[in-house]
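Structure, as structure tokens:
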Amino acid sequence: MHDLEGHDGSQNPEDAGDEQRLLSLEHLGLLSSPTSILYHKLASEAGLVWSCAPCYKAGTPSPGEAMLEKYHPKLIEPKWQKVWEAEGLHRAGAHPERPKLYVLEMFPYPSGNMHMGHARVYVIGDLLARYWRMHGRDVFHPMGFDAFGLPAENAAIREKIHPRQRTLKNIETFRGQLKRLGLSYDWEREIITCEPEYYRFNQWLFLKMYEKGLVYRRRSLANWCTGCLTILANEQVVEGRCERCQSPVVPREIPDWALRITRYADELLKGLDTLTAWPERVVTMQRNWIGRSEGCELTFPLCGGGEAIRVFTTRADTVFGATYMVLAPEHPLVARITTPAQRGAVQEFVQRMARTERAVRTDEKATKEGVFTGAMAHNPFSGEDIPVWIANFVLAEYGTGAVMSVPAHDQRDFEFAKKYRLPIRVVIAPVGRPAGSATELTQAFVEDGVLHNSGPHDGKGSAQARRDIAAEARSRGQGGPTVNYHLRDWGISRQRYWGTPIPMLECERCGTVPVPYEQLPVRLPPEAPITGTGESPLSKVAEFVHTTCPSCGGPARRDTDTMDTFFDSSWYFARYLDPRNERLPFDRAAADRYLPVDIYIGGPEHAVMHLLYFRFFTRVMRDLGLVGIEEPVARLVTQGMVVRSSYRCPSHGYRAESGVVQDGEKVRCSECRAALEVRLEKMSKSKHNGVSPEAMFEQYGADTARLFCLFAAPPEKDIEWSDAGVAGCFGFLRRVWALLLRHQERFDVLRTLDGPVDEARLSPELKAFHRLLHHTIERVRRDIEREFQFNTAIAALMELCNACKVFDALTAGGPDDAAAREALRLLGFALRSLALMLAPFAPHFAEEAWEALGMPGRACQQPFPSFDPKLTVQDVVTLVVQVNGKVRANLEVPRAAPREEIERIALSDERVRKWTEGKAIRRLVVVPGRLINIVL
RNA sequence: GCCGGAGUGGCGGAACGGGUAGACGCAAGGGACUUAAAAUCCCUUGUCCGCAAGGGCGUGCGGGUUCGAGUCCCGCCUCCGGCACCA
């Protein structure tokens with residue numbers, strides 16, 4: 001059925017590559033037979049090894065005959081993936097008596113293909129999952145798909161493919177790629193957010209939050225993305241632009257549903273202190289984002305009217321210096337207080353601001369401009385009447401949307417006052433110095449100091465005055481101490497099709513009515529006119545919109561927006577626990593068993609949005625009695641990007657590696673010979689610097705890809721994709737393979753020698769190796785557990801493999817020869833340990849090795865090797881001899897040598913005497929087992 | 001501007017509470033095997049002076065503490081990330 005195109009570089013995942021054929025073999029009634037039989041059967045059925053791979057010896061090995069001449073991942077990997085799946089080795093919950101561990105990676109949005117950035121995250125998670133399973137944990141390690149979202153909808157507009165169809169196809173592809181990486185997920189837990197079985201509980205949670213007053217309808221200025229044609233949450237606006245498509249964002253008045261995340265602002269902030277296993281920078285970013293600011297609200301009555309202006313300030317101590325006030329152009333009072341004489345100018349200004357892009361408006365370099373409203377307000381502290389202006393730099397959504405302006409002590413106010421010739425009054429003097437005069441100020445004095453020109457408060461320090469003035473305001477009923485947050489409520493309505501319908505109705509008689517729980521899910525209609533014009537597609541689906549009111553039975557209209565997809569991903573970690581539950585989002589007992597997530601791995605780009613919502617929802621779910629935890633994630637790992645060189649030609653744009661030529665130091669475009677700009681950038685199709693996992697599997701196999709992802713750098717750093725580095729990892733696996741092969745004929749003997757090694761019978765070389773082996777186990781465990789330093793753990797394994805050379809000299813002694821038997825015992829121990837330690841890193845390889853060694857069971861289910869702390873150190877150490885801090889000699893001494901002995905050996909050494917000759921020794925510093933420093 | 005983080009060979013990166021800087025891998029050079037190439041294996045590889053033995057200098061820069069500093073302290077520089085007219 002497949003076409004007969006060759007293997008030449010076709011990227012089509014359906015291309016009949018060799019292992020594809022292996023995977024598609026459905027004759028797996030064989031799974032109950034020994035895997036070696038299965039594997040040979042697979043191989044010959046696939047026509048792979050014996051007919052076409054030049055690296056194999058010709059001929060068909062008989063079942064039971066062990067290893068192939070060369071390491072061939074293409075053959076090994078599909079085999080073990082089938083075995084794991086058939087034997088259900090990665091399923092959680094099989095051992096309720098064991099301690100649990102929930103390892104989670106941020107689930108993907110299934111775009112067409114998995115890329116290396118994805119692979120890296122999953123490989124890190126999988127390593128931890130596999131490692132801890134070998135330590136006897138009941139590991140919960142699920143995977144699913146974040147399936148709603150704009151890209152599918154945009155693609156639908158472009159390519160006329162239904163988002164659902166496209167998404168499901170992508171998931172299919174993606175899932176296949178995940179499986180080919182050998183990731184140990186419990187696939188029975190899979191969730192797909194665009195399925196009604198999932199999103200009905202988005203709706204359920206929305207309704208519960210509505211009941212709790214955590215959801216409200218608002219009609220305010222929303223962030224409208226001119227590219228995506230929908231409103232965005234505050235978090236999705238980056239530098240005034242859409243974080244997704246970079247289009248300008250403009251204010252637009254669209255009614256939406258908002259979640260009252262601000263009600264949890266303080267709790268979310270305090271909770272940060274408990275997140276000791278989160279990266280510092282993520283905690284800091286969240287702290288900044290929540291942006292708690294303690295201050296004071298003050299009321300300024302308008303002259304000649306009952307109305308008053310409320311302002312928020314952190315500098316109540318400067319209130320006597322407030323010489324004018326400024327409202328945001330959108331402030332509701334503006335229209336009412338503007339005098340007829342100023343109306344024209346004010347209206348013009350307000351309208352201009354309404355059209356201004358957020359990016360332009362909030363650009364710090366934008367000049368401050370404003371218009372006088374004609375109104376005056378009364379400063380209740382100084383007793384003065386001061387003018388009320390509107391200006392571009394005052395934001396409607398922060399504080400009260402109005403400020404008191406103190407030009408002498410606030411830089412913005414200062415600039416504004418200078419520009420419009422507004423009065424400046426100095427009311428704070430630097431401590432210990434006289435207050436300057438307003439006329440000689442060149443910039444605002446913004447620090448705390450001593451009050452001045454402030455009536456009864458003169459002479460007080462700023463901090464004291466702030467407290468007193470706030471208290472005074474409160475006692476007069478004109479404000480008082482208050483707290484403000486940078487965090488805003490989370491608007492979740494999106495004017496798009498591909499998302500969760502919002503379960504709310506508008507009834508002509510009853511007003512806003514929630515959809516009753518028993519009517520959930522409100523299903524997304526299968527078809528809707530997806531036009532991308534900015535109107536909600538659902539509003540044009542008459543049979544969706546028109547419904548009956550559940551309370552009065554009269555006609556009602558459904559809400560036609562869909563939810564922000566961050567809603568979906570805010571609680572998915574809990575749905576995995578109980579993904580088929582039709583009554584509740586998940587069962588409380590399952591939550592109590594597995595939550596919180598012990599280790600969560602994902603990109604730092606989610607430091608604020610996703611992770612803040614995650615924490616918010618966890619608290620909401622706690623208040624709904626769904627979970628018993630406060631924080632969803634105990635330990636967070638933010639991994640770096642996968643980057644690779646990109647080449648950009650001034651006239652031909654980004655060039656693929658095949659389109660560049662090396663010319664000495666320079667790299668040139670193969671078309672026009674122009675020098676190219678070389679940069680390290682995140683892999684992407686558009687920059688032509690990507691490496692597809694498919695290509696990796698094809699060339700080196702999943703184990704090598706996994707190994708490289710872990711070896712290239714520690715998790716939090718970016719890794720630079722290096723084809724040579726990948727080849728190096730492949731080479732390592734091949735060397736281990738060759739090592740096993742060299743000792744193949746001994747496997748039968750090794751298997752029988754499993755008792756403890758008797759050091760006394762080992763040669764000095766083997767004794768040193770024995771200790772290195774124990775030390776390696778210690779290092780690998782420590783690197784994984786404490787530091788997440790997988791790169792150094794792999795380095796340790798490489799060293800161990802290199803050290804195994806000592807066994808090459810092993811001569812065949814009979815089993816009666818005690819020394820030879822001990823050496824073989826050690827060899828067996830080493831090979832088995834190496835195989836098992838590799839299991840979390842290169843799992844297919846490890847299984848194959850384990851099987852070849854003739855060991856029963858599966859490598860991934862064995863206990864991780866353990867070490868004897870007494871044996872992790874060498875008994876002969878290299879002692880460094882320094883003279884005045886400079887290294888002059890290295891000495892081999894017994895580790896346990898007494899201090900006097902060490903001093904004697906060191907001082908009598910010829911190389912040392914050369915430096916100490918004829919000089920008095922002032923001091924001898926001895927660090928046992930390490931060094932001796934002779935100070936002259 | 002504010003808040004984080006990082007600067008180590010030709011490259012990616014090591015160095016547990018201050019104790020041989022450069023583990024491990026890549027690249028490079030030399031050699032072995034081969035009719036040849038590939039693959040594989042062995043050796044060398046921070047830098048400068050030296051035939052060598054040996055020595056000098058080296059972890060962004062300048063100081064300091066210490067017998068001893070990549071690591072600790074003070075002052076800078078550069079790069080990356082986040083926030084940014086938040087009152």
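Values below: every heavy atom of this structure, side chains too, minus hydrogens, waters and symmetry copies. Proteins come first, then strands; the chains are lettered A, B, ... in the order of their sequence lines, and each starts at number 1.
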Pairing partner of [N] (Watson-Crick or G-U wobble, both distances under 3.5 Å):
N      : result
B/rG17 : none
B/rU35 : none
B/rG58 : none
B/rG4  : B/rC80
B/rG12 : B/rC24
B/rA69 : none

For nucleotides 2-11 of chain B, which of its nitrogen or oxygen atoms have a protein nitrogen or oxygen under 3.5 Å away, and what is each distance?
none

Could you work out which one of [options] sits closest to the side chain of [X]?
X        : options                : value
A/Phe711 : B/rG25, B/rC86, B/rU20 : B/rG25
A/Met798 : B/rC24, B/rA14, B/rA87 : B/rC24
A/His486 : B/rA84, B/rU20, B/rA27 : B/rA84
A/Lys914 : B/rA87, B/rG55, B/rC24 : B/rG55
A/Phe312 : B/rC24, B/rA84, B/rA87 : B/rA87
A/Ala724 : B/rU20, B/rC26, B/rC85 : B/rC26
A/Ala713 : B/rA87, B/rG13, B/rG19 : B/rG13

Take the protein atom [atom1] of [X] and the nucleotide atom [atom2] of [N], then report the distance between them rounded to whole Å.
X        : N      : atom1 : atom2 : value
A/Glu297 : B/rC86 : CD    : P     : 18 Å
A/Gln411 : B/rC86 : CD    : C1'   : 16 Å
A/Asp783 : B/rG25 : CG    : P     : 15 Å
A/Leu611 : B/rG82 : CG    : C1'   : 14 Å
A/Ile794 : B/rA23 : CD1   : P     : 17 Å
A/Asn484 : B/rA87 : CG    : P     : 8 Å
A/Arg782 : B/rG17 : CZ    : C1'   : 13 Å
A/Leu487 : B/rC83 : CG    : C1'   : 14 Å

Would A/Ser293 and A/Asn484 count as a side-chain hydrogen bond (donor to acceptor under 3.5 Å, both in side chains) here? Give the steps. CA-CA 5 Å; A/Ser293 166; A/Asn484 243 293; over 6 Å; no
For nucleotides 38-44 of chain B, give me one character per nucleotide, 5' to 3': B if any protein heavy atom sits under 4.0 Å from the base, S if the only such contacts are to the sugar-phosphate, - if neither. -SSSS--
Can a side chain N or O of [X] be found less than 4.0 Å away from OP1 or OP2 on [N]?
X        : N      : value
A/Gln789 : B/rA15 : yes
A/Ser405 : B/rA87 : no
A/Arg911 : B/rG54 : no
A/Asn791 : B/rG25 : no

Contact list for RNA chain B against residues 927-936 of chain A - heavy-atom distance below 4.0 Å: A/Val927, A/Arg930, A/Leu931, A/Asn933, A/Val935
Sort out for me which residue in A/Phe732, A/Phe730, A/Tyr71 forms a ring pair (Phe, Tyr, Trp, His ring centres under 6.0 Å) with A/Tyr700.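 When ring pair (Phe, Tyr, Trp, His ring centres under 6.0 Å) is applied between A/Tyr700 and each of A/Phe732, A/Phe730, A/Tyr71, only A/Phe730 qualifies.
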Counting neighbours of CZ on A/Arg287 that are heavy atoms of other residues, nucleotides or ligands and sit closer than 6.0 Å, is the number greater than 12?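 Count over threshold, so yes.
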I want to check something: taking the side chain as every heavy atom from C-beta on, are A/Arg911 and A/Val881 in contact at a cut-off of under 4.5 Å? no
Side chain to side chain contact (heavy atoms under 4.5 Å, CB included) partners of A/Glu892, counting only residues at least two apart: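 Checked A/Glu892 against side chain to side chain contact (heavy atoms under 4.5 Å, CB included); matches are A/Val876, A/Thr878.
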Answer yes when [X] and [Y] have at least one side-chain N-carboxylate O distance shorter than 4.0 Å, and no when they do not.
X        : Y        : result
A/Arg899 : A/Glu903 : yes
A/Arg466 : A/Glu294 : no
A/Asp909 : A/Arg888 : no

Any base atoms under 4.0 Å from A/Val887, or only sugar-phosphate, or nothing? Heavy atoms, all strands. sugar-phosphate
Distances under 3.5 Å between nitrogen or oxygen atoms of protein and nucleotides 56-59 of chain B:
from   : atom 1 : to       : atom 2 : distance (Å)
B/rG56 : OP1    : A/Arg888 : NH2    : 3.4
B/rG56 : OP2    : A/Arg888 : NH1    : 3.4
B/rC57 : OP2    : A/Lys886 : NZ     : 3.4

B/rC26 and B/rA21, which share atom name P, separated by this distance in whole Å: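 It comes out at 25 Å once rounded to the nearest Å.
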Whether the side chain of A/Lys419 engages the backbone of A/Lys368 through a donor-acceptor N/O pair (distance < 3.5 Å, no angle test) should be reported. yes
Show every donor-acceptor pair shorter than 3.5 Å between a side-chain atom in residues 709-719 of chain A and any protein atom, with sequence neighbours excluded, or say none if there are none.
from     : atom 1 : to       : atom 2 : distance (Å)
A/Asp718 : OD1    : A/Met641 : N      : 2.8

